[in-house]
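The basis for the numbers below is simple: all heavy atoms, side chains too, and nothing from hydrogens, waters or symmetry mates. Protein chains get the first letters and strands the later ones, always in sequence-line order, with residue 1 at the start of each.
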Amino acid sequence: MFAYHRHSRKRLVSRLLRRGLLWAPSLCVLATVQSLAQASDVAAPVSSGVEPPAVLEQQQPAYPLGAADSGTRGDVAVNVEIDAEGNVTGVVLAHGVESRLDRAALEAASHWRFRPALRDGVAVPSRVQLLFHFEPPAPTAPQPAPASPPKPEPAILPAALPPPPAPESPASPTPVPAALDVTVLGHRPLASRGASDFQLRVDQLAEIPRANASELLKLAPGILLTNEGGEGHAEQVFMRGFDAREGQDIEFTVDGVPINESGNLHGNGYADTHFIIPELVESLHVVEGPFDPRQGNYAVAGSADYELGLGERGLSARYTSGSFGTQRFLVLWGPLGESTHTFAGAEIYKTAGFGQNRDSERGSAMGQYEGRFGATGSFRLSTQAYATHFHTAGVIREEDYQSGKIGLYDGYDLSSFAHEAVRQGGNASRYSLAADIESHPGDTVLSQQIFLIKRDMRLIENFTGFLLDVQEPLQSIHDQRGDTLDLNVHELTIGARGSARLHADAFGLRQELELGYFARGDQANGTQQRLEAATGVSYKTDTDLDSQLGDIGLYGDLNLRPLRWLSLRGGARAEIVTYDVLNNCAAQSVAHPSTTNPPIDQSCLTQQNYGRPREPDQVTSTSGVAFLPRASLIAGPFRHLSLSASYGKGIRSIDPNYITQDVQAAFANITAYEGGVAYAGNVRNATVVLRSVVFRTLVDRDLIFDQTVGRNVLGVGTTRTGWLGALRLTGSFFDESANLTLVRATYNDNGSAVAYVPGVVLRSDSVLFRTLPWTVLGKPIRTTLGAGITYVGRRPLPYGEVSGTIFTIDASASAAWANYQLRLSATNLLDTQYRLGEYNYASDFHSQPQPTLVPDRTFTAGPPRALFLTLGFNFGGA
Amino acid sequence: MQRACIAIWALSISTGCVGQTGGQTVDFSAAAAGPADAVAGQALAFTTGAGWDVVLTQATLHIGAMYLDESRPISGGQATGCYLTGTYVAQETSGLDVDLLNPGLQLFPTKAHGITEPTALIGQVWLTGGDINASTDPTPILVVAGTATQAGAAGGSSFPFTGTVTISSNHQAASSGAAGGDPICKARIVTPIDAVPIETTGGLLLQIDPRAYFAGVDFSKLPADASTGGCAFSDDPTSTGYLPTGYQLYTNLRQTAPYTFSWTDSL
């Protein structure tokens, strides 16, 4: 979302040189190394500044055999390039002594590992200089002639530098040997909005099995993902008590390019992230709550920006094969010498799916180039293509499952009693182009981005079976023909965003002001028809809309630091949303139809009461302007503790289906508050980030899922109140991310619970990594073990029912040697049978002699255990 | 005090406390029965409003399903649909042949299912042997037998009678096959019957009084039945003997008067 601020490159040395402070960096480096490091998954509440990399693993060069004769000694300086993951990507001799010593130093340096440099808590590539001192081994004293042959001298002696720590001991941040300069390259992160602002680096947690990019959201607290629509259907996201449906309450972006689809009939703001190749996600910036003036439409529960990058350079290829006929081919390319934000990737995936009617195929390709112009300017060009075709089993009635009429992983489409000629599922595609540029004239940062998105989608779903096709007056006599919904959406989006960030000094500290804008225009065509179960022929048109939508926002954001320990961040956003909607099926019923010319079976009527003629279509237009103040107060750190309080207002634009001419407010209003505390520091040899947040969010008109139309409909106001806690623990051989969210969501009119929202969500992602103590052909073997644990508490369902709980464990184990990697992963390791989505509404799938008309439990089954084996190799990397 | 408030608040949104969405979902027993003054195994004797003394020796009703709904039908007859508007709050979807001469509770084979909110307002009884929309259904819906004697006419003629009512193509309205006509499902559904609120204990009882089926029937007009030597209600609207008796019986069957829903703790 806000990643358009990236790519700013600050050459610390050059600036310091200009200011005659060449040697200051070395002092700064040493000083900051000895200070407590900030955790890399948090934009720490108040800190700003650079932290150099810290050594995690080092290898000392052996004094080369043969050089001892010459007695060569001296210091070899090696410049080491470090990527954002702490890996050494290049070594260059800065100052040599003798070729054999130089080679030994270069070889040793290439095996060092670091905790990467941080800038405002965000990992960035860096370059450090290592100094290796070589002393020849002491000559042995002459010995009398031995009675037996002398023992050979050790061929290799350690150099004079202190020995490295034991491999298994947690590596404490070892001070870097006398570095001459540190140059930190990276993008400028945004100022944190408080304890609910999560900058989530994937890093080692990429080892946790994840089916798609959406699952990376689980690194943020309070996230539950369900999906009743199949692998090509966007996930239903629950965040902090919000049922964001398929993203309608979360502003999703990928490097600032919008993902939410305005005008999508399935839900205004529908966000399908399946086009993102998970291996290309470098980090995720999640802000829970509308607290940043940059957040725009749909940021009700919050926002999530996928920041792309490929740390592993060279050409990588992976092939995965596993359960249910799953196969995946993935190719990634990160050219050496280019930024990690220059990459290309493509994947082809297919699966038969578990159970019935869950097959899926998709292809995705993403490419990006990051370049520089001038001394500090940068630009980026990105493109993306995605297409998928899939089927889905849909929902199952609990009663039918319990009575044995249908299996847990079956679907009604293939049953004998509710067979469908057209199976549920669909297809989708997305193509986009984007370009952004960032320049730094003086002390100002200017950025500009444009984007173009083409998106098409078809969804075929049936939530209610044979319930809704009620005989209407003057219709041809018919029985229940089936409730299969066939939704088609075609969208074209064009837009831009830009900003100017100004800096000035006041109160002896650096202050910032940013002014920016966002604009998007959407042309969306959406139709929804109902299909006859027996033939697949459409017999009714529910909706046919052509929408022209506009969304323009202006914002000002101030980052004020009156005191070194106090920050006030915030401002306001003004947003206008416009609608121009042509409803091609505006009249679907009439109270008093003509008796001489009855509409019979027309979906889109051409008559009014008593037969007065009309056109079937109607244009409606309206607009709405919202003023959205947002502010965060952050105090600290005090002994690594920071306190924050945030307030913000947000909007969610109304579905075009509900727009009436000149309706006053074309959006729902959101008001959010929160208070939190964060700790960032070191415990023993691990970096710890802890946070605790209390929050409350009010919505004046919420969305409630209506299964009869297959999407959310406007309802009454709601309130969410809750608490979240999050932990990120990173050490030399482990990475742990855990979070817990407790929330209650209620309707404002009667205090009853909002259905489907989980009150408890617990997630843990753990990875252990280690280089084995032995080598193969001189090359080390690096191993990882990963586990992801999810617990979701019981959820309230309509009509007083309560769902079951969800508890699953995903795990993986991998080994990497030379250019090759082998990984075994398992999802739902315990093979738990569970209901992923649970509902309680009326449906009738002809499973009983008479219709089932009363609300009853339905569910979508969670997937059983699946095993996958991945073979990968990388060539041309460092 | 502040800590206690925080603790209570935290507990209130902790694992063990799931918010309520309103109402409850319940499964309960459902039963049907004849009138309370009937005696099981014995004939039911009564006098109709038209002055006939009837001794009913057999009365069996086939119920395909029962439903309760939250809404009242729209007046003016605009809706010809068989489903009611609003939310259905109770259903019994298994069929039952009810002995209408037995006041005892006759349980439906499977449990009924319902929700306590919203409150049920009207009920439906589906008189069908299968698909409510099927154009043909040979299931005998009502089977009756007995003897009718003109009241007060000592030594008057008695009319032993039998009758079987089906709701099949025989009762398909002439225009029901065309747009705007009444679908056959409407012929099979008795509604609106006053409903009762669903509770968390007890069960639903449908009491049927077969005496109401014979309101206004002139037994002297019954056609003769050569096979029995008595009379028989005609089930064929196209036959000459259908009117008025067969029509009256069929019409009374589909009136709401014979049917009463109640909630009982006896189930």
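- Of the atoms belonging to B:Glu117, it is backbone heavy atoms, and not side-chain ones, that fall under 4.5 Å from chain A.
- Per-residue counts of heavy-atom pairs under 4.5 Å with chain A were compared for B:Gly130, B:Ala134, B:Ala65; the largest is that of B:Gly130.
- The shortest non-hydrogen separation linking B:Thr21 to A:Pro796 is CG2-CB, 3.8 Å.
- The CG atom of A:Asp844 sits 11.5 Å away from atom OH of B:Tyr88, with the distance rounded to the nearest 0.5 Å.
- One distance of note links NE2 of B:His113 with CZ of A:Arg857; it measures 9.5 Å at 0.5 Å rounding.
- Rounding to the nearest 0.5 Å gives a distance of 10.0 Å between CG of B:Asp131 and CD of A:Gln480.
- With a 4.5 Å cut-off on non-hydrogen atoms, A:Thr852 touches chain B through its backbone and its side chain both.
- One N or O on the side chain of B:Tyr67 and one on the backbone of A:Pro851 form a donor-acceptor pair closer than 3.5 Å.
- Atom OH of B:Tyr247 sits in a sparse spot, with 12 or fewer heavy atoms from other residues, nucleotides or ligands closer than 6.0 Å.
- For A:Asn750, no part lies under 4.5 angstrom from a heavy atom of chain B.
- Here the CD-CG distance, from B:Gln91 to A:Asp856, works out to 7.0 Å after rounding to the nearest 0.5 Å.
- A distance of 8.5 Å separates CG in A:Leu797 from OG1 in B:Thr25, rounded to the nearest 0.5 Å.
- The distance from atom OG1 of B:Thr87 to atom OH of A:Tyr841, rounded to the nearest 0.5 Å, is 14.5 Å.
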